[in-house]
Structure formats: structure tokens, C-alpha cells
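Here the structure is a predicted model, which means the values were calculated and not measured. Every chain is numbered from 1 and lettered A, B, ... according to where its sequence line falls, protein lines coming before strand lines.
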Amino acid sequence: MTGRPSYDPGAIEPKWQDEWEAEGVFRAVEQDDGRPRFYNLQMFPYPSGDMHMGHAEAFGISEAIGLFKRIQGFNVLNPIGWDGFGLPAENAAIQRGIHPKEWTYANIDQQRSTLRRYGCAFDWDRQFNTCDPDYYRWTQWLFVKLFERGLAYRKLAPANWCPKDQTVLANEQVVNGLCERCGTPVVRKDLTQWFFRITEYADRLLDDMEELTGWSDRVLTQQRNWIGRSHGAEVDFVIEETGDPVTVFTTRPDTLWGVTFFVFAPEHPLVTALAERGGTAGAVKDLQDRLQRAPLTSRDQAASREGLPLGVHAVNPVNGERVPCWVAPYVLMEYGTGAVMGVPAHDQRDFEFAREHGLDIRVVIRPEGVGTDPADMTAAWSHEGVMVNSGPFDGTPSPESIARVTEWLADEDLGRTAVSYRLRDWLISRQRYWGAPIPIIHCPSCGEVPVPEGDLPVLLPDDVDFSPQGESPLAKNEAFVNVTCPRCGGAARRETDTMDTFVDSSWYFLRFTGKTDDAPFSSEEVAKWMPVDQYTGGIEHAILHLLYSRFFIKVLFDAGMVSFTEPFTNLLNQGMVINEGAALSKSRGNVVEPLPLIERFGADSIRVTMLFAGPVEDDVDWATVSAAGAHKWLSRLWRLTFDAAAAGVAGSGSGGGAREGAAAATALERSVHRTRRGVTMDDERFRFNVAIAKLMTLTNELGKALEAGATGGAVRDAAETLVQMVAPFAPHIAEELWRGPLGYRESVFHSQWPGWDEDLAREDEVVLVVQVDGRVRDRITVPAGATEDECRDRALASDRVRAHLDGREVDRVIVRAPKLVSIVTRG
RNA sequence: GUCGGAGUGGCGGAACUAGGUAGACGCGCUAGGUUGAGGGCCUAGUGGGCUUCAUCGCCCGUGGGGGUUCAAAUCCCCCCUCCGACACCA
């Protein structure tokens with residue numbers, strides 16, 4: 001046991017990182033080699049700085065999955081790239097005078113080097129970065145595809161505008177209604193901007209979720225709510241004074257007889273004209289202006305029940321009643337038709353509005369046993385009941401009343417069934433520099449002309465002044481803007497908006513399967529690898545990134561470019577890394593840097609610490625875990641593997657402890673098989689904390705067996721099993737031990753995952769628990785094969801059990817051989 | 001408010017899929033050993049209470065209450081708390 005080197009991760013880890021790359025151990029094999037393929041993907045990082053603790057956690061998990069699959073014999077694709085475009089780069093440019101490109105590429109270099117030091121098993125050859133012209137050329141190409149399919153269009157939409165900086169702000173740049181940079185109150189400004197028609201896919205995005213059995217309910221529910229499909233009816237009202245038809249959407253057509261007022265959203269196109277007709281133009285304009293001045297993010301004013309009468313009336317088609325029209329911010333222009341019927345008795349918002357403004361309340365759904373005097377009501381009744389005061393429908397009970405009224409509306413031509421969505425079209429325009437330019441040319445005679453494929457990419461010019469003093473920084477670059485129309489050759493102007501970075505990340509996983517120069521991705525490689533077998537990433541992307549990627553795949557499916565409709569078969573959302581209960585943040589001063597930890601304990605110990613801390617979906621509180629503990633275990637594994645390698649070739653035991661050693665070896669053999677079974681099953685379900693616990697147990701047992709003098713095959717098997725099974729969690733130490741003391745030439749990642757013998761994995765002796773009246777009274781060791789009768793006899797013969805049975809009559813005995821006997825007494 | 005998830009030792013967590021020894025594994029702590037000291041390492045102990053010289057043993061215990069069952073952390077009902085998402089969606 002002398003001459004054993006000490007465990008020095010600082011030396012072995014970089015050594016194997018170099019060696020793996022030289023040998024191409026983690027390269028995916030493109031040629032079919034008979035192994036099943038496994039596309040293991042981790043959401044690619046955004047290079048806003050160096051790798052942080054969240055990366056260490058997320059990559060630790062996806063590494064464990066990928067490496068486990070690799071040793072199990074899968075041909076694993078495990079790529080890495082960077083989501084290089086985005087606002088922080090531009091802010092850094094403004095604040096520190098560095099070009100966004102320089103800042104971004106420097107961060108990528110740093111992240112790459114830290115990820116290498118972490119020992120990630122990436123196929124580095126496939127890496128790319130979305131701000132490379134090589135990549136965004138295809139983002140632009142895909143934009144053109146969407147444009148050609150009628151899925152990209154322009155319309156007027158409000159944006160956050162800082163009047164001092166003269167620039168558009170993203171929502172996250174608006175803090176408490178003020179510009180993040182200069183503190184000026186932010187206003188809304190209407191700009192003509194580009195959208196993707198994702199709403200056209202709302203039903204498919206919703207319905208195809210049935211296929212996503214490998215996604216958590218948590219994410220599916222969030223997506224479902226985000227799409228927000230609700231079924232109801234459209235009903236046609238008419239403005240009495242002007243004859244304007246106005247349609248409303250409602251999920252409760254059964255409450256139509258309870259309408260006592262009518263409300264428009266302030267932005268509704270009819271409002272100005274109606275206010276003039278009603279003689280309320282001045283006050284209404286003030287309200288509209290005030291809302292116009294508020295930033296998009298601040299919706300607080302809408303939480304009030306404020307509103308103004310318009311001075312005109314709407315006619316209820318079901319009974320011809322005229323009700324007053326109002327305008328109120330609680331009605332949203334973006335949802336439904338931008339106008340609602342007011343049913344205060346049965347809608348809480350309408351109820352509060354009616355109380356605020358003294359409007360009538362009329363009950364038309366009578367709940368059983370609940371008072372129906374409007375004056376006594378403290379809240380709207382939005383539940384079931386029976387229709388009253390509703391003309392021909394009186395007495396109709398409320399679940400089916402909705403369908404019956406809707407049918408009647410259609411028959412009478414007063415309305416129709418309708419579906420409404422919460423989902424909006426995807427606004428992809430950014431009046432920003434550091435993104436992929438939208439490849440459109442605006443021609444005075446031809447209109448919106450897409451840049452021809454041969455002219456792509458539309459390169460982002462380097463010489464741009466990004467100091468904020470106008471519209472998009474690109475708009476000031478004359479050389480960029482002034483072009484000729486590709487269709488008619490006349491003078492034209494280039495679009496100066498860039499694309500939302502979510503566009504870049506909606507298709508990157510396709511290009512990882514194989515880059516080509518004449519298409520965004522290789523159809524052949526996509527057919528081989530897609531959909532992604534396992535996608536790992538943060539829950540913060542539960543909605544947008546995942547929804548947009550699903551949308552893109554459906555569009556590409558419709559375009560005949562891919563043959564599947566969902567991009568990610570299985571999705572795993574890992575928890576966050578926090579410290580002392582709070583998210584890591586510089587201002588809080590609780591940031592944990594991964595690199596110093598890697599240098600101190602080794603990448604393997606950090607990975608094990610993260611994985612052992614708890615279930616992968618749970619947050620890891622760094623303050624409650626110990627990298628020293630993981631390091632201690634790996635050191636112990638190191639020592640024991642050297643000792644076991646020596647004892648493993650020593651043949652059967654010798655000396656005075658021979659018999660004891662042989663017994664220990666037999667027990668160890670059973671442990672080995674049990675561990676193989678248990679860890680394999682835990683790994684399959686990503687229960688890595690439990691798998692590691694089992695490996696620790698086997699480590700302890702190997703230590704005891706060696707102590708007892710065990711030698712030979714069982715000892716060797718235990719050490720090999722430990723090394724192979726620890727490899728997905730701690731690849732470096734595993735490789736060093738595999739090729740070092742265990743003497744293999746080939747990588748442990750090319751070894752065969754150990755199988756098990758069910759007979760050996762079973763315990764040969766088990767503890768039989770004996771209960772009397774539900775309480776455990778004795779534990780008896782019995783052979784694993786003990787029969788029901790044997791168990792019953794042994795249990796009834798037990799002195800302890802008999803003491804408890806003293807004087808009582810046995811009613812019945814339940815036997816679950818060989819683990820449990822339950823004796824029930826009478827009385 | 002709606003939807004989703006979760007409450008187990010001093011701490012992170014096992015056991016929940018299929019009801020059958022609650023607390024695996026680790027951290028921390030305590031004691032002992034090793035060491036010039038410290039650290040490291042090794043060994044043992046570690047849910048609470050009662051009883052005992054010590055054993056043996058008994059009782060309680062998985063957020064609270066009720067239920068089903070020979071048997072409940074696990075299944076059913078009610079309640080409480082915490083976390084997350086959306087939040088005037090008509």
C-alpha cells in the first residue's frame with residue numbers, strides 16, 4: 001500500500017481534458033455504427049460574462065446524462081455553442097466603449113476555457129455562435145422563409161421609449177416606469193414593427209402538447225396558460241346613436257340578459273368618434289393621453305376601476321335594451337375585441353366597476369340558496385346556477401345554458417361560437433444594433449422586398465455609432481441603409497431593425513447536427529439526430545424559448561424541411577444555484593465563483609457536490625452543501641481503488657484472516673450487483689443524488705472488505721464498478737483510475753456499462769419484521785427464500801412476540817414472505 | 001385571485017412509482033485515536049421522551065385534523081404554511 005500517488009485533481013484533470021480531445025473520445029460518430037443515437041442538449045449559454053455557478057449545475061446534470069448514455073453504448077451528440085447576440089453586449093459598448101463584438105467574443109473565449117476546465121464532454125468541432133455571419137445568415141434566410149409564407153408582417157405596435165435617450169427600451173430596461181440608464185420617465189411610442197404570426201399556430205402548439213409526455217406538468221401548464229385558449233361566443237351589439245356594429249367576445253353568453261352597461265378599451269378605434277358624438281371628447285382624450293404617456297410595463301393604473309361615460313348607448317341584441325357605453329382601462333385592446341359587455345352581477349370586475357360608478361346590477365343566474373337582491377351583494381356570482389330574468393331561457397341550468405344560448409344566437413344571427421387566445425403575435429423587431437439585421441428592403445414602388453438568398457447575409461456593419469441618440473443605430477449608417485431594390489433596381493432603404501435574439505435560439509439545435517454552407521442545416525443529419533432526446537435547461541425558459549422553438553419546428557415542418565413536429569422529446573428543468581436562500585447577485589454580495597472552487601477542489605468534486613445536493617429539479621443552496629465532502633469521498637475512492645487493484649490480483653486470501661476475507665468477498669460481490677442494478681435504475685431516472693449515495697455505500701463496503709482481508713475477483717469487480725459508475729459524475733478521476741491502477745488502455749467511456757445478475761443482486765438473507773397489532777415487536781434474520789409457512793412459524797416462535805401475545809388470542813396472521821409477518825389479536 | 005409544486009432530524013435529502021423496518025447517503029456536531037500544533041485522516045455515536053448501573057424494553061414522531069387498513073410519510077377528505085408561474089384574458 002505504499003507508493004500510492006495522492007489524489008491531485010489539479011494535475012489529472014487538465015491531463016485528461018487534453019487527452020480526450022486528442023483521442024476524440026467525445027466526438028459524435030456521424031457514420032452509422034450500429035449504436036443507437038442520443039442527442040443530449042443543454043440550453044446554450046449566453047456569453048454575458050464568465051461561466052457562473054448556474055452553468056456548473058446545469059452542465060453537471062447534462063454531462064451526467066450524456067456520459068451515462070455514452071458508457072451505456074449510445075452514440076451521443078453533445079454539442080456546445082453560444083447565443084452571442086443581445087442587449088448586454090450593446091450596453092457594455094455604451095458604458096465602457098468596447099465594441100459589442102469584442103466584448104462578446106472575449107466572453108465566449110473565457111466561458112469556453114472555463115467549460116474546458118470543467119471537463120465538459122463536448123463535441124467541440126461543432127461549436128458556433130449566433131453572432132457569426134455564418135450563422136445569422138441562416139437566421140435571416142429563415143426570416144425570409146417565414147415572410148414568404150405570410151408569417152412575418154409589419155404593423156404598428158407600442159414600444160417603450162425614453163424621450164431623453166431617444167431610444168427604444170426593452171421591458172427589463174424600464175425600472176419603476178423610469179429609464180434604467182437616465183431615470184427619465186418612459187413613454188409609449190407607436191412604431192411600425194415586425195411580427196411573426198405565431199397565433200396562427202396557437203391550436204397546434206396547444207394540441208401537440210399531448211405528445212410531450214417527456215415534459216413536466218409545470219412547463220406544460222405554463223405554456224397552456226400562456227396560449228390561453230378560451231371558448232365562448234361573439235355577440236353583435238349596435239351603437240344606438242351611430243349605428244356602428246360592435247362585437248364582443250364572452251365566455252358567458254348565458255349572462256347576456258344581465259348586461260347593464262358596455263365598455264370600450266381606451267385604444268378602441270371607435271372611442272374617439274363615439275366620445276365626440278356623446279359630447280365627452282375632452283375628458284376621454286385626456287384619459288387616452290395619460291395612458292399613452294405611461295410605459296408599457298406599468299399597468300397599475302389599469303388596476304383601478306376608473307372609467308368615463310361616453311355619452312352613447314349600445315343595444316343588447318337579445319332583448320333590445322339600450323345600455324350606457326363607457327371607456328375604461330380595465331378593458332384591454334389586446335384581448336378579445338377590445339370591447340366587453342358589462343354584467344356586474346356575474347363578473348367580479350364588472351361588479352366593482354358598477355359599484356364605483358353607480359351602475360345597475362341585474363341578477364340573471366340564480367344560485368341555489370343564495371340571496372339575489374343586488375343591493376346586498378358583496379361580490380359577483382360567477383359560479384353555476386339557473387337562468388332567471390332571461391326571457392325564453394328562464395329556468396335553464398347553467399352548465400348547459402352556455403351551449404344553448406350560443407346555439408340560439410347563431411340561429412338568430414346575433415352571434416356565433418368563437419375562440420379567443422391570450423397568445424399574441426411574436427414581436428421580433430428590435431431597434432438595436434447587436435442582433436441579426438432583418439433582411440428586408442423597403443422600396444417605394446415594390447414595397448417590402450426580401451433580400452435575395454444570394455445576397456445573404458445582410459452583414460452588420462462594424463463602424464456604427466451606438467451611442468443612444470435616435471432610432472436604431474443602424475439607421476444612421478448611410479452605407480447600410482441606402483441600397484437599390486433587388487426587384488426593380490430603384491433607390492430603396494434597408495430595414496434597420498434587428499431580430500429578437502429568441503429568433504436566433506429557435507433553431508440552433510438543428511445546426512448542431514451538421515453545418516453546411518448551402519442551407520441552415522443538413523437535412524440528412526437532422527433526420528439522423530432530431531428531435532433532441534434530452535434537453536436540459538432552466539425553468540425561466542419554460543415559456544418563450546421553448547414555445548418559439550416549437551413554433552419554428554412546426555413552420556419548418558409545413559415547409560417540408562423537417563419531418564417531425566416537436567423539437568424536444570424530453571425536457572429537464574434543473575433548479576437554480578442559490579446561496580443562503582437567495583439568488584446569487586452582485587448587489588447582494590453572495591456570488592459564488594466556480595473557477596476558484598474548481599481550482600481548489602477539482603472539477604470532479606464540484607460536479608459531485610452539485611449532483612449529490614438533491615434532486616436535479618430542486619434548487620441547490622450552496623451554503624448547505626460541501627465541496628469538501630465530495631472531495632473527501634473521491635479521495636477515499638482513489639485510495640481504495642489502488643488498494644483494490646493490488647488486492648484484486650492477489651488471488652484468494654491468505655494468512656490468518658483467510659476465512660473472514662472470503663466471507664467479506666462474498667458479501668461484497670452481492671453488494672456490487674445490487675449497486676449495479678440500483679445505480680443503473682437511478683441514472684435512468686436522473687436520480688443522481690441517490691445514485692451517488694449508493695456508490696458511497698459501495699465505497700464503504702469495499703473499504704470494510706479490504707480491511708477484512710478480502711482479495712480476488714470480488715474486490716476487483718467492486719473497484720471497476722465504482723470507477724465506471726462514478727464516471728458520469730466525476731469523469732477525470734474515473735479515467736485516471738481506469739487507465740492507471742485498473743490498467744485499461746481504452747477510455748472508461750468506451751468500456752461497457754456493468755450489468756448485474758439478479759440472483760446475486762438479491763440479498764441472501766433478509767430481516768423479517770414481525771408486527772403484533774401493527775407494532776414492530778421483533779426482527780428475525782431469515783433466508784431470502786423463506787416460505788410463507790416458515791416465516792409464520794419463525795414469527796410465532798419468537799420469544800418477544802410470545803411475550804406480547806401473552807394471554808391474547810390470535811385473530812389472524814398476515815404473511816408477506818420473506819419481509820413481514822403481521823399478527824392481529826382479538827380485542 | 002387562478003394554475004402548478006412542495007412541507008420528513010441541527011442541515012441537504014432517502015424511503016412515495018406499487019401502503020409493509022421512517023431517517024439511506026452525506027454535511028454538521030460529540031467522544032476517542034493519530035499529529036509538535038493546526039488541518040487532514042481513522043473509529044464510534046448522533047430524531048424526541050421514558051425506564052435502567054448498563055442492557056433489555058416501552059411510548060411518541062414525516063405541517064395540523066379526520067378517515068380507510070392488520071399496517072399510512074405513502075391512499076382519501078378538510079385545513080394551514082411556503083415556493084413558483086400567470087395575473088383585469090371578459
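Rounding to the nearest 0.5 angstrom, the gap separating the CE atom in A:M209 from the CG atom in A:L220 is 6.5 Å.
Across B:rG48 and B:rC11, the matching P atoms stand 12 Å from one another, rounded to whole Å. Nucleotides B:rG7 and B:rU74 are separated by 11 Å at their P atoms, to the nearest Å. Between the P atoms of B:rG20 and B:rA15, the separation comes to 12 Å (whole Å). Straight-line distance between the P atoms of B:rU17 and B:rC89: roughly 38 Å, to the nearest whole Å. Across B:rA6 and B:rC16, the matching P atoms stand 15 Å from one another, rounded to whole Å.
When only modelled atom types and interatomic distance are considered, A:D811 and A:T825 share no side-chain donor-acceptor pair under 3.5 Å.
Consecutive Watson-Crick or G-U pairing (both distances under 3.5 Å) extending over three or more pairs maps onto RNA chain B as B:1-7 with B:80-86, B:10-12 with B:25-27, B:28-34 with B:40-46, B:47-50 with B:57-60, B:63-67 with B:75-79.
Rounded to an integer number of Å, the gap from CZ of A:R777 to P of B:rU21 is 16 Å.
Below the 3.5 angstrom threshold, one finds no donor paired with an acceptor across the side chain of A:Q222 and the base of B:rG84.
Taking every heavy atom of residues 223-231 of chain A and every atom of RNA chain B, pairs under 4.0 Å involve A:N225, A:S230, by number.
The aromatic rings of A:W381 and A:H383 stand perpendicular to each other, their planes meeting at an angle above 60°, with 30° marking the opposite boundary.
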